[in-house]
Protein chains: 2
Amino acid sequence: MATIYQVSELAGVSLATVSRVMNKNTKVSDKTTKKVLDAMQTLGYKPNSIAQSLASNCTNSVGILVSELHGPFFAQMMAGIESELRAAGKHVIITTGHSEEDKEKEGIDFLISRRCDAIILHVEAVTDEYLISLSRGTTPVYLMSRYVEELKEHCISLDNKLGGYLATKSVLEQGHTEIAYIAGPQFKADAANRLAGHKQALEEANITFDPSLYFEGDFNETGGSSALEHLINSKLNFTALVCANDEMASGAMKYAREHGYHLPNDLSIVGFDNVIFANYLYPTLTTIDNPVAKMGEMAAKLVLKDVYQTKNIKINRFFEPTLMQRDSSAPLK
Amino acid sequence: MATIYQVSELAGVSLATVSRVMNKNTKVSDKTTKKVLDAMQTLGYKPNSIAQSLASNCTNSVGILVSELHGPFFAQMMAGIESELRAAGKHVIITTGHSEEDKEKEGIDFLISRRCDAIILHVEAVTDEYLISLSRGTTPVYLMSRYVEELKEHCISLDNKLGGYLATKSVLEQGHTEIAYIAGPQFKADAANRLAGHKQALEEANITFDPSLYFEGDFNETGGSSALEHLINSKLNFTALVCANDEMASGAMKYAREHGYHLPNDLSIVGFDNVIFANYLYPTLTTIDNPVAKMGEMAAKLVLKDVYQTKNIKINRFFEPTLMQRDSSAPLK
DNA sequence: TTGTAAGCGTTATCAT
DNA sequence: ATGATAACGCTTACAA
């Protein structure tokens, strides 16, 4: 592969001049510019971005750490980040943390040693303290779907409490008063906040939260099935079921259907996240839209603004979820 | 950030020695090794992989180009590639081509200029000739789900014809003889091969292919709906419908259900790919499993073997799809 | 076993 | 406007 040196030789100019026409940061006469361009053309010269990175101390790459690569949630997020960054000529280096503390830390180290200009993290296992000390390092750190007060300028987060509130409120407004809730693992802030929203909606409707209509699931489909099984076996009455994510809602729907429930007549079900398949379920799932793709774009924009000094970018760090009313929930008859 | 130079100073050895303990390629006495390790520890030294890449001419990164980041198909593939590569200490740089020739080429240039040690491509718009000339360059090129004779050693592909055959055969074995087919865009090799498999199955059953029971769709959900609409309007009888992918099958299922069909009694439907949501549909979709994640892993292994000289890796370039019999298709009554 | 020094392909600071 | 030349942080012959 041709180097800048060969280009300079062929064009009969110095290295520096070639570098200048590439970077357009210093005036170069039209004549020499043309000579250089021609030389590049005939040599098929492509700059070595590794060398550029070393010399300029800028890799034009941002590291992304997500829990999993598959799964609708992260894919959407990454798509949002990548498209925005790519349009700005930056690229993404992606790695996974699998929601395990060691792997998350290892992934972060990895990204940092690649000298990413910034890292965007969707971490679940690592502590706030770790993140705070991490962001004292030289690599700017951004957080997705996680709010850490000390790092608030670097957090893109969703109002999960509002989402939980909207979900429950939607069935309350349909006349339901006996509402079961399948929560996510409460050590996760999202899950806890969604539950808090649920409780707030109940409170506003003057309904006391009944712990026996509550079950802590695992955010997985099978967890949704067994949670509903548990709730049904408890012999308590409920006409609506609010789930802390779509996977569990889907599992619950399956279990309900297999046990003779007619949806939504016998039971209204609401999910959370609005993942792709929510619209493929039968009946289509009423859920809370989690604007992950938009949040991904925004994280990218934030990096573009902070790290790459791109001008005229409007930042919004806080996103509000919205209700997607579909067919799995209906007014109480 | 600490450099190798500072480490060498603190440890009282030369640069070279520090480099040696990092790379473990030359013997270093235990005593000096310890000194170096200690120095690294106290300085919190992390090697600058950019500098390593420049000096060693190896970036330890492999570029991936997929059509889209979202969508169950690519997510699975990338997950397979990433996990395998990551375990070997390599990392992935991901970019997208959006099935457009210009963007695919641009993405490839991008990856090459980042000096990836190899690139794994899932391209659709670019020509075979382009790929052939590309692979004459210095960066090794690998192809996913695309077979180019001249590059066969670098192709990981699926036997789409077999898949198409299995899909149709499954309904034939259920007693169906009037079988409609919604194909994918025929300029895509996958789509054409799936159709060929369908025809072969019909032929073996002594059923002549009926062009009026055939419709070329666009691989999208809406395309599936309108395709079925078209087929139904043609007033021809058919008891089974084979679709060239799950998205179209899903669209067809929706249309059928909305138009009073009871599935699978009134119509058996079969898809292709076994994307995540196939199992969330109602009824659950009978489909052909496309082992994308496994193929992704294999592509990574191939790179590990060819490019990074990893030993003891068994390579399989050709994958066979399998039938996933679920509830959307049933024996003809 | 360890050190010296020449790259790797750029950018960027001086001069001119 | 252009040219020398010193970084950038590491690897790797070649010497010792």
Side-chain angles (χ1 to χ4, degrees), chain A residues 1-40 43-61 89 112-117 138-139 308-309, chain B residues 1-40 43-61 89 112-117 138-139 308-309:
Chain A
M1 268 190 188
T3 70
I4 196 174
Y5 183 74
Q6 297 167 24
V7 175
S8 78
E9 228 174 14
L10 182 59
V13 298
S14 74
L15 284 190
T17 303
V18 178
S19 177
R20 284 180 189 117
V21 343
M22 289 176 52
N23 300 306
K24 304 179 172 114
N25 46 16
T26 317
K27 269 233 129 5
V28 177
S29 78
D30 289 1
K31 211 163 67 185
T32 32
T33 301
K34 191 184 175 328
K35 279 194 298 186
V36 171
L37 256 21
D38 286 351
M40 285 179 168
L43 288 171
Y45 171 75
K46 302 247 178 86
N48 180 329
S49 62
I50 296 293
Q52 289 179 316
S53 296
L54 184 60
S56 66
N57 196 31
C58 167
T59 59
N60 286 309
S61 69
I112 291 179
S113 85
R114 298 310 302 189
R115 294 302 192 268
C116 292
D117 297 331
T138 40
T139 308
Y308 296 113
Q309 287 84 38
Chain B
M1 268 193 190
T3 71
I4 196 175
Y5 183 75
Q6 297 167 22
V7 174
S8 78
E9 225 174 17
L10 182 59
V13 297
S14 74
L15 284 191
T17 303
V18 178
S19 176
R20 285 179 189 117
V21 342
M22 286 175 53
N23 299 306
K24 305 181 172 112
N25 46 17
T26 317
K27 270 230 127 6
V28 177
S29 78
D30 290 1
K31 212 164 64 184
T32 31
T33 301
K34 191 184 173 329
K35 279 194 299 186
V36 171
L37 258 21
D38 286 350
M40 284 179 169
L43 288 172
Y45 171 74
K46 302 249 178 84
N48 180 330
S49 62
I50 295 294
Q52 289 179 316
S53 296
L54 184 61
S56 67
N57 197 30
C58 167
T59 60
N60 287 308
S61 69
I112 291 178
S113 84
R114 297 312 301 190
R115 295 298 192 271
C116 293
D117 297 330
T138 39
T139 308
Y308 296 113
Q309 288 84 37

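So that the names make sense, note that chain A is the first sequence line, chain B the second, and so on, each numbered from 1.
- Rounded to a whole Å, the CZ atom of B:Arg115 is 8 Å from the P atom of C:dG9.
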Subject >> Steps toward side chain to side chain contact (heavy atoms under 4.5 Å, CB included) verdict (B:Asn48, B:Met1) >> reply: CA-CA 9 Å; B:Asn48 180 330; B:Met1 268 193 190; over 6 Å; no

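- We find the NZ-OG distance between A:Lys35 and A:Ser29 to be 7.5 Å, quoted to the nearest 0.5 Å.
- Here the side chain of B:Ser8 pairs no donor or acceptor atom with the backbone of B:Val18 at under 3.5 angstrom.
- Between B:Asp30 and B:Lys34 there is no salt bridge, since no side-chain N of the basic residue sits under 4.0 Å from a carboxylate O of the acidic one.
- Interface residues of residues 45-55 of chain A facing DNA chain D, ordered by number: A:Leu54, A:Ala55; criterion, heavy-atom separation under 4.0 Å.
- Of the inter-residue distances, the one linking B:Tyr308 atom OH with B:Asn60 atom CG reads 5.5 Å to the nearest 0.5 angstrom.
- Here the CD1 atom belonging to A:Ile112 is positioned 7.0 Å from the OG1 atom belonging to A:Thr138, to the nearest 0.5 angstrom.
- Checking the phosphate oxygens (OP1, OP2) of D:dT2, no side-chain nitrogen or oxygen of A:Thr26 falls inside 4.0 Å.
- For A:Asp38, the CG atom is densely surrounded, since the number of other residues' heavy atoms within 6.0 Å is greater than 12.
- Under a cut-off of 6.0 angstrom, the local environment of CG in A:Asn23 is crowded, with over 12 non-hydrogen atoms contributed by other residues, nucleotides or ligands.
- At the heavy-atom level, B:Val18 lies nowhere under 4.0 Å from the strands shown.
- Taking atom CG of A:Asn25 as the reference point, atom C1' of D:dT2 lies 13 Å away to the nearest angstrom.
- Straight-line distance from the CG atom of A:Leu15 to the C1' atom of C:dC8: 13 Å, rounded to whole Å.
- In this structure, A:Asn57 does not reach the C:dT11 phosphate: none of its side-chain N or O atoms is under 4.0 Å from OP1 or OP2.
- When the side-chain nitrogen and oxygen atoms of A:Ser19 are compared with OP1 and OP2 of C:dT11, one or more of them lie within a distance under 4.0 Å.
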Taking only nitrogen or oxygen atoms into account, show me every contact under 3.5 Å that the protein makes with nucleotides 14-16 of chain C, one pair per line with its distance.
none

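- Between the CG atom in A:Leu15 and the CD atom in A:Gln6 there is a gap of 11.0 Å [rounded to 0.5 Å].
- Side chain of B:Ser56 to backbone of B:Gln52: a donor-acceptor contact under 3.5 angstrom is found.
- Atoms NZ (B:Lys31) and C1' (C:dT1) sit 12 Å apart, rounded to a whole Å.
- Taking atom NZ on A:Lys35 and atom P on D:dA1, their separation rounds to 15 Å, with Å as the unit.
- In this model, the phosphate group of D:dT11 is not approached by any side-chain N or O of B:Ser56 to a distance below 4.0 Å at OP1 or OP2.
- A heavy atom closer than 4.0 Å to some atom of DNA chain D occurs in B:Thr3, B:Ile4, these being the qualifying members of residues 1-10 of chain B.
- In this model, the phosphate group of D:dT2 is not approached by any side-chain N or O of A:Thr17 to a distance below 4.0 Å at OP1 or OP2.
- Atom CG of B:Asp30 is separated from atom P of C:dT1 by 10 Å (rounded to the nearest Å).
- Here the straight-line distance linking atom CG of B:Leu54 with atom OG1 of B:Thr59 works out to 11.5 Å at 0.5 Å rounding.
- Within the structure, a side-chain polar atom (N or O) of A:Ser29 is placed less than 4.0 Å from OP1 or OP2 of D:dT2.
- Atoms CD1 and OG, from A:Ile50 and B:Ser113 in turn, are 9.0 Å apart once rounded to the nearest 0.5 Å.
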